[in-house]
Amino acid sequence: MPELPEVETLRRQLDDALPGLLVTDAWFSPDTPQLLRRQTAAEFLDLVRGRTITRVRRSAKWLIFCLGDDLALVTHLRMTGRVFLRRPTDPADLYLRAKLGLSNGSEVRWCDVRKFGTWDLVADPREVTGPVGPEPLGTDFSADHIMAATRGRRTPIKSLLLDQRRIAGLGNIYADEALWDARIHPLRPAGSITRPEARRLHAAIVSVLVDSLDSGGSSMRDYLDTNGRAGRFQERWSVYKREGLPCSRCAAPIVKTIIAGRGARYCPRCQRKPHKPPNA
DNA sequence: CTTATTCCCTGATTGC
DNA sequence: TGCAATCAGGGAATAA
């Protein structure tokens with residue numbers, strides 16, 4: 001699933017290639033009417049044709065194509081979305097759902113097996129993203145922020161890490177990996193996280209995201225970069241998709257449980273269970 | 001405001 | 001071996 005490192009890898013590649021180019025064409029597959037949510041295909045084309053891509057930004061897992069200061073294409077890959085930079089003569093890509101033609105003859109291809117991805121053309125990206133928490137690799141993310149964001153909350157820390165309003169960009173893979181690194185059980189009530197634990201969690205989140213970015217992200221089944229290349233961080237997962245395999249710290253078998261409808265993997269020895277008060 | 005659940009979608013995996 | 005049921009999890013919508 002594309003999470004922060006994967007979307008940021010795409011953003012960097014797109015921001016290297018696209019600024020200064022004009023949008024010359026747009027095409028949408030009729031089998032994915034839910035992709036473009038705020039316009040018809042014809043309205044979209046009228047609004048973007050001839051506009052210049054000024055930069056490509058990211059907020060949480062949203063990938064944002066800026067078309068000047070007053071218009072932005074805000075996209076989300078959800079689970080199986082892919083963005084490729086191709087030439088029209090390149091071989092076809094599977095599950096192509098939309099295309100943008102560009103003034104240098106290249107094209108942006110949007111592919112998505114499961115059709116969960118979205119495009120929204122708006123003046124201000126926040127109309128689409130809503131409130132988004134601090135970027136974990138930005139300057140306003142800290143152990144203090146984790147303490148403030150968790151106080152008084154009884155939801156499991158794993159669920160809080162997935163809440164984009166609290167911290168931006170984490171998904172199931174990196175939330176599990178960061179909690180393992182910090183030796184915190186995913187079911188721990190968020191409000192019970194201590195300051196030393198918040199420091200460990202802060203360091204773990206930054207570390208796992210930086211390491212994944214350095215590896216070009218994680219490719220399990222669907223993620224590829226704009227050139228169609230896979231990332232390599234899946235080779236370094238400590239818990240994700242490793243249930244039954246030995247923990248690299250203590251050799252205990254990694255276990256999987258369900259938290260808030262999502263799989264959660266952890267080491268039952270390194271990440272101790274929430275404290276249960278004695279009855280009565 | 002909070003937290004939990006269901007839904008969307010389809011290929012891969014699991015179970016019988 | 002086949003075929004149906006289950007799984008995967010982004011965020012939106014809904015419920016309480």
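Just so it is clear: chains get the letters A, B, ... in the order the sequence lines come, proteins before strands, and each one is counted from 1.
For A/W62, taking side-chain heavy atoms from C-beta onward, the closest of the listed nucleotides B/dA12, B/dT2, C/dG11 is C/dG11.
When the P atom is compared between C/dT1 and B/dG11, the two are found 22 Å apart, to the nearest whole Å. Across the P atoms, B/dC9 and C/dT14 are found 15 Å apart, a figure rounded to whole Å.
Comparing A/Y95 and A/G152 against DNA chain B, the residue whose closest nucleotide sits nearer the 5' end is A/G152.
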Show which side-chain atoms of residues 166-173 of chain A pair as donor or acceptor with protein atoms under 3.5 Å away, not counting sequence neighbours.
residue, atom, partner, partner atom, Å
A/N172, OD1, A/K158, NZ, 2.7
A/N172, ND2, A/G263, O, 2.9

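The CG-C1' distance, from A/D163 to C/dG11, rounds to 11 Å in whole Å. Rounded to a whole Å, the CZ atom of A/R165 is 14 Å from the P atom of C/dA13. Between A/Q164 atom CD and B/dT3 atom C1' there is a gap of 17 Å when expressed in whole angstrom units. The interatomic distance linking A/D120 (CG) with C/dG11 (C1') rounds to 12 Å, in whole Å. A/D112 has its CG atom 13 Å from the C1' atom of B/dG11, to the nearest Å. Rounded to a whole Å, the CZ atom of A/R37 is 11 Å from the C1' atom of C/dG10.
Within 4.0 Å (heavy atoms only), A/R151 reaches no atom of the nucleic acid at all.
Nearest heavy atoms, A/R55 versus A/P19: CA-CG, 4.0 Å.
Side-chain atoms of A/Y174 and A/S212 include a donor-acceptor pair closer than 3.5 Å.
The aromatic rings of A/F28 and A/W119 sit perpendicular to each other, their planes meeting at more than 60°, with 30° as the lower class boundary. The aromatic rings of A/F141 and A/H202 sit tilted relative to each other, their planes meeting at an angle between 30° and 60°. Classified by interplanar angle (parallel below 30°, tilted 30° to 60°, perpendicular above 60°), the ring pair A/H76/A/W62 is perpendicular.
Within the cation-pi definition used here (under 6.0 Å to the ring centroid, within 45° of the axis), A/R109 does not qualify as a partner of A/F84.
Annotated stems with DNA chain B as a participant read B:2-8 with C:10-16, B:10-16 with C:2-8, given as range with range, by first number; only runs of 3 or more Watson-Crick or G-U pairs under 3.5 Å qualify.
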What pairs of nitrogen or oxygen atoms, one from the protein and one from nucleotides 4-8 of chain B, lie under 3.5 Å apart?
residue, atom, partner, partner atom, Å
B/dA4, OP2, A/T155, OG1, 3.0

